[in-house]
Student: 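Got a structure for you, questions after.
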Amino acid sequence: MKIGRNDPCPCGSGLKYKKCCMQAQQQSQENLKELYYKRYKIQLKEEEDIQGIRRAGDLVVQTLDMVQEVIRPGVSTEYINGLVHDFTVQNGAVPAPLGYNGFPKSVCISVNEVICHGIPGEYELREGDIVNVDVTSRLQGYYADASRTFKVGEIGEDASRIVDVAYHSLMQGLDQVRPGNTVGDIGWAIQRFAEKEGCSVVREMVGHGVGFEFHEPPQVPHFGKKGNGIILVPGMVFTVEPMINLGGRELRVLEDNWTAVTRDGSLSAQFEKTVAVRTNGCEVLTPW
Ligand code: MF3
Ligand code: CO
Ligand code: CO
């Protein structure tokens, strides 16, 4: 039930709601905003900001859906880059990766043992590959970031397993997103699940605040201890994006200074969503 501004305040003061606890609630959200910025440089989002990020998120999801339709053996990663670029621009948005810290393309495409930040190019997808496509769009000033790992045709047992474990790792992390839990709870849940499955969690790349910028505070590690780190409060918007390896967790960056691959050559998979902490839990702003 929603309390009207002019209804009697439920605290029993006899004042109108707008003159009493409604103000207190707004005041405390204001204080929290200042506190989180001062302490952590975290910019909590207002309702209208979340709406903007949700719109950007819807576009990112549409883009990933479109990519899914064209994934098949023989398709080059450069071709997928072109599709993502054109679709983003046609929808009035900007592909955030293009030129970001010098990244040369509009989307990250990471095949098999590539953990993340793969640069689209001549490579043609082959039956049995697993391929992560990571899309970030800026729409009307708001950023949303999401990725999925797609299967190319029929894939092997190992590939199938790492894709499943990566997906469920993300879901375990998202289960922890609610006010009062901590950033550490997210990483703890992901690490516990992935390692129980005999896989490993990449440490060097983390989830991140998102919305006003591509990457904002806080960092959201995909490993850690329960109860550690910043307390989640309504208005926080960030990504969770665990990179899970079938072998060891160590990585190596190729000569291009972007492509991160598993050191042992084992398969790696990743799924990413942008989420908002809400008073009642977690809202996914990139709902694929
Ligand atoms: N989309 C990646 C992430 O999830 C970041 C890519 S940075 C880029 O945070 F420059 F490679 F695009
Ligand atoms: Co991200
Ligand atoms: Co991303």
Side-chain angles (χ1 to χ4, degrees), residues 42-43 45 53-54 56-65 67-68 77-78 80-82 84-85 87-89 93-111 114-121 131-139 142-150 166-167 169-170 173-174 177 183 186-187 190 201-223 236-244 251 253-261 268-276 282 284-288:
I42 293 173
Q43 296 183 270
K45 274 72 178 179
I53 302 167
R54 193 187 292 118
D58 286 341
L59 179 61
V60 166
V61 171
Q62 280 184 49
T63 310
L64 288 169
D65 287 346
V67 167
Q68 166 139 57
T77 55
E78 176 61 51
I80 297 169
N81 178 74
V84 169
H85 182 94
F87 187 74
T88 305
V89 170
V94 178
L98 187 58
Y100 181 83
N101 290 335
F103 191 78
K105 297 286 175 172
S106 298
V107 60
C108 296
I109 303 184
S110 304
V111 181
V114 179
I115 295 170
C116 65
H117 302 164
I119 302 173
V131 53
N132 176 277
V133 179
D134 189 340
V135 175
T136 313
S137 299
R138 191 179 85 226
L139 180 65
Y142 290 109
Y143 290 80
D145 186 7
S147 83
R148 277 153 57 185
T149 298
F150 300 103
Y167 176 75
S169 295
L170 170 60
L174 295 187
V177 177
V183 168
I186 299 171
I190 290 169
V201 178
V202 172
R203 308 296 162 109
E204 289 83 348
M205 266 80 64
V206 296
H208 51 91
V210 66
F212 299 139
E213 303 289 341
F214 194 164
H215 294 107
E216 302 173 19
Q219 297 199 349
V220 182
H222 306 111
F223 57 93
M236 279 175 81
V237 175
F238 53 81
T239 71
V240 183
E241 48 179 301
M243 285 140 274
I244 308 297
L251 66 71
V253 177
L254 301 188
E255 300 274 76
D256 61 22
N257 282 325
W258 281 104
T259 313
V261 301
S268 184
Q270 178 183 28
F271 290 84
E272 173 177 27
K273 291 186 194 235
T274 295
V275 301
C282 170
V284 176
L285 301 178
T286 53
W288 43 263

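Just so you know, these numbers use all the heavy atoms, side chains as well, and skip hydrogens, waters and symmetry mates. Order of appearance sets the numbers: ligands from 1, and atoms from 1 within every ligand. Everything quoted here is computed from the prediction, not taken from an experiment.
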Student: Provide the number and element of each atom of ligand 1 under 4.0 Å from a heavy atom of T136.
Tutor: 1 (N)

Student: Please classify the P97 to ligand 1 contact at 4.0 Å (heavy-atom distances, strictly less than): side chain, backbone, both or neither.
Tutor: both

Student: For the residue pair V61 and P287, what are the closest heavy atoms and their distance?
Tutor: CG2-N, 3.6 Å

Student: May I ask you to check whether N132 and S110 show a side-chain donor-acceptor distance below 3.5 Å?
Tutor: no

Student: Geometry only, no angles: is W258 polar-contacting ligand 1 at N/O separations under 3.5 Å?
Tutor: no

Student: For H215 and Y100, take the angle between the two ring planes, folded into 0 to 90°, and tell me which bin it lands in: parallel under 30, tilted 30 to 60, perpendicular over 60.
Tutor: tilted

Student: Aromatic rings F103 and W258: how do their planes relate, parallel, tilted or perpendicular, breaks at 30° and 60°?
Tutor: perpendicular

Student: Under a 4.0 Å heavy-atom limit, does D145 contact ligand 1 with its side chain, its backbone, both, or neither?
Tutor: side chain

Student: Which angle, to the nearest 10 degrees, do you find at the Co ion (ligand 2) between OD2 in D145 and NE2 in H208?
Tutor: 90°

Student: Charged N to carboxylate O below 4.0 Å: is that the case for R138 and E213?
Tutor: no

Student: Does ligand 1 have any atom sitting under 4.0 Å from a heavy atom of D134?
Tutor: yes

Student: For ligand 1, note which part of E272 has a heavy atom under 4.0 Å away: side chain, backbone, both or neither.
Tutor: side chain

Student: So which of the N, O or S atoms of E241 lies nearest the Co ion (ligand 2)?
Tutor: OE2

Student: How many angstroms lie between atom OG1 of T149 and atom CD1 of I244, to the nearest 0.5 angstrom?
Tutor: 10.5 Å

Student: May I ask you to list the atoms of ligand 1 that are less than 4.0 angstrom from any heavy atom of H208?
Tutor: 3 (C), 4 (O), 9 (O)

Student: In ligand 1, which numbered atoms sit nearer than 4.0 Å to a non-hydrogen atom of H215?
Tutor: 3 (C), 5 (C), 9 (O)

Student: Please say whether the positively charged group of R203, taken as NZ for Lys or CZ for Arg, lies over the ring of F223, i.e. under 6.0 angstrom from the six-membered ring centre and within 45 degrees of the axis.
Tutor: yes

Student: Between E78 and K105, is there a side-chain N and carboxylate O pair less than 4.0 Å apart?
Tutor: yes

Student: For side chain to side chain contact (heavy atoms under 4.5 Å, CB included), just list the numbers for E241 and F271, CA-CA rounded to whole Å, side-chain angles, deciding distance to a tenth of an Å, and then say yes or no.
Tutor: CA-CA 6 Å; E241 48 179 301; F271 290 84; over 6 Å; no

Student: Only N/O/S atoms count here: what is the atom of E272 closest to the Co ion (ligand 3) called?
Tutor: OE1

Student: Within the stated cut-off of 2.8 Å, is an N/O/S atom of H215 closer than that to the Co ion (ligand 2)?
Tutor: no

Student: Can you tell me which residue and heavy atom of the protein come closest to atom 7 (S) of ligand 1, and the distance to 0.1 Å?
Tutor: Y100 CD2, 3.9 Å

Student: Do any of the N/O/S atoms of D134, backbone or side chain, fall under 2.8 Å from the Co ion (ligand 2)?
Tutor: no

Student: Could you tell me, atom by atom, which parts of ligand 1 come under 4.0 Å of a heavy atom of E241?
Tutor: 3 (C), 4 (O), 9 (O)

Student: Which part of F103 is near ligand 1, with near meaning a heavy atom under 4.0 Å away: side chain, backbone, both or neither?
Tutor: side chain

Student: Any luck finding a side-chain donor-acceptor pair between Q270 and R148 under 3.5 Å?
Tutor: no

